[in-house]
Amino acid sequence: MTDFAETMPALAADQFMLPEAERLLTPKLSTHKPRILMLYGSLRERSYSRFATQEAARILEALGAEVRIFHANGLPLPDDSTADHAKVQELRALSLWSEGQVWCSPERHGAMTGVMKSQIDWLPLNSGSIRPTQGRTLAVMQVSGGSQSFNAVNQLRQLGRWMRMITIPNQSSVPKAFQQFDAEGRMLPSSFYDRIVDVMEELMKFTLLTRDRADYLVDRYSERVESAAALNKRVNLSAAT
């Protein structure tokens, strides 16, 4: 047994745990359909990010997912309302319901849109002891009016990491989106459509792989130390009173 007090004096030995392969290899598997929440970043009547999201939703449903799309119409700006606003409550409830998410934003001025960022900003990093996004899988997509770009998906990927999500390797970027959809908003056959199929297929696989292991996968030493310290403080306070 390693003498942590001597070799690593800064370590809280009682909260330092070796990875347990059994907890990764033999979980109790869920039998319900994977639950996927989809967000898109435009309120326009002819919204290509919404069209791409709807195409991705059809693919996910064909792959066996239960899909819900959040429409941001009426969602207030962050800090311009309280968290009890009906649209905020709807968004947060859907995030808690989900086991995976898809974020699709137009690229505007070289970045994701304010509509997209507002939705993410309304999702707290934690709510009490519950984290509305932690451990959920994430796929990122973008549409562009011009040549192919990856600015928006790169930003979405960074936000996914910040929100403690399991962001899949693949992603979709659709250039000149106005050429990729017909008058009814259905995506035309192309390599860009094929890539969306690839991304949704990969999202489903990662969701099935991780959803029953997510709590263990994202369990952190630092949070165990913090929780133990909080518990000790509460116990000591109770004993003192």
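Since the structure is predicted, the reported quantities are computational estimates derived from the model, not experimental observations.
Between Arg224 and Asp219 there is a salt bridge, since at least one side-chain N of the basic residue sits less than 4.0 Å from a carboxylate O of the acidic one.
In this structure Phe16 satisfies the ring pair (Phe, Tyr, Trp, His ring centres under 6.0 Å) test together with Phe4, sequence neighbours excluded. Residues passing the salt bridge (charged side-chain N to carboxylate O under 4.0 Å, His left out) test with Asp121 are Lys117, sequence neighbours excluded. Every side chain to side chain contact (heavy atoms under 4.5 Å, CB included) that Thr133 has, sequence neighbours left out, goes to Ser95, Gln101, Leu123, Met163, Met165. The side chain to side chain contact (heavy atoms under 4.5 Å, CB included) search around Glu184 returns Asp182, not counting sequence neighbours. Residues that satisfy the salt bridge (charged side-chain N to carboxylate O under 4.0 Å, His left out) test with Arg161, not counting sequence neighbours, are absent from this structure. Every residue meeting the side chain to side chain contact (heavy atoms under 4.5 Å, CB included) condition with Arg164, not counting sequence neighbours, appears here in chain and number order: Arg131, Gln134, Val218, Arg220, Glu223. Residues that satisfy the salt bridge (charged side-chain N to carboxylate O under 4.0 Å, His left out) test with Glu61, not counting sequence neighbours, are absent from this structure.
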Atom pairs and distances, side-chain donor-acceptor, residues 106-114, under 3.5 Å, sequence neighbours left out:
unit_1	atom_1	unit_2	atom_2	d
Glu107	OE1	Gln142	NE2	3.0
Glu107	OE1	Ser149	OG	2.6
Glu107	OE2	Ser149	OG	3.2
Glu107	OE2	Asn151	ND2	3.2
Thr113	OG1	Gly41	O	2.6
Thr113	OG1	Met116	N	3.2

Can you give the donor-acceptor pairs under 3.5 Å from side chains of residues 31-39 to other protein atoms, not counting sequence neighbours?
unit_1	atom_1	unit_2	atom_2	d
His32	NE2	Glu99	OE1	3.4
His32	NE2	Glu99	OE2	2.6
His32	NE2	Arg211	NH1	3.4

Pairs under 3.5 angstrom only: tabulate donor-acceptor contacts from the side chains of residues 193-203 to other protein residues two or more places apart or in another chain.
unit_1	atom_1	unit_2	atom_2	d
Arg195	NH1	Asn170	OD1	3.4
Arg195	NH1	Gln171	O	3.2
Glu202	OE2	Asn170	N	2.8

Pair up each side-chain donor or acceptor in residues 63-80 with any protein partner under 3.5 Å, not counting sequence neighbours, and list the distances.
unit_1	atom_1	unit_2	atom_2	d
Glu66	OE2	Arg68	NH2	3.4
His71	ND1	Tyr40	OH	2.7

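Put simply, OG on Ser172 and CD on Glu55 are 11.5 Å apart, with the number rounded to the nearest 0.5 Å. Rounding to the nearest 0.5 Å gives a distance of 11.5 Å between CD1 of Ile168 and CE of Met204.
Counting Ile, Leu, Val, Met, Phe, Trp and Tyr side chains that sit under 4.5 Å apart, directly or through other members, Leu43 shares a hydrophobic cluster with Val115.
Nearest heavy atom pair, residue Val88 against residue Ala83, reads CG1-O, 3.6 Å.
Within 6.0 Å of CD on Gln158 lie no more than 12 heavy atoms contributed by other residues, nucleotides or ligands.
The aromatic ring centres of Phe181 and Tyr48 sit less than 6.0 Å apart.
Placement of Val102 and Trp97 in two distinct hydrophobic clusters is found when ILVMFWY residues are connected by side-chain heavy-atom separations under 4.5 Å, directly or transitively.
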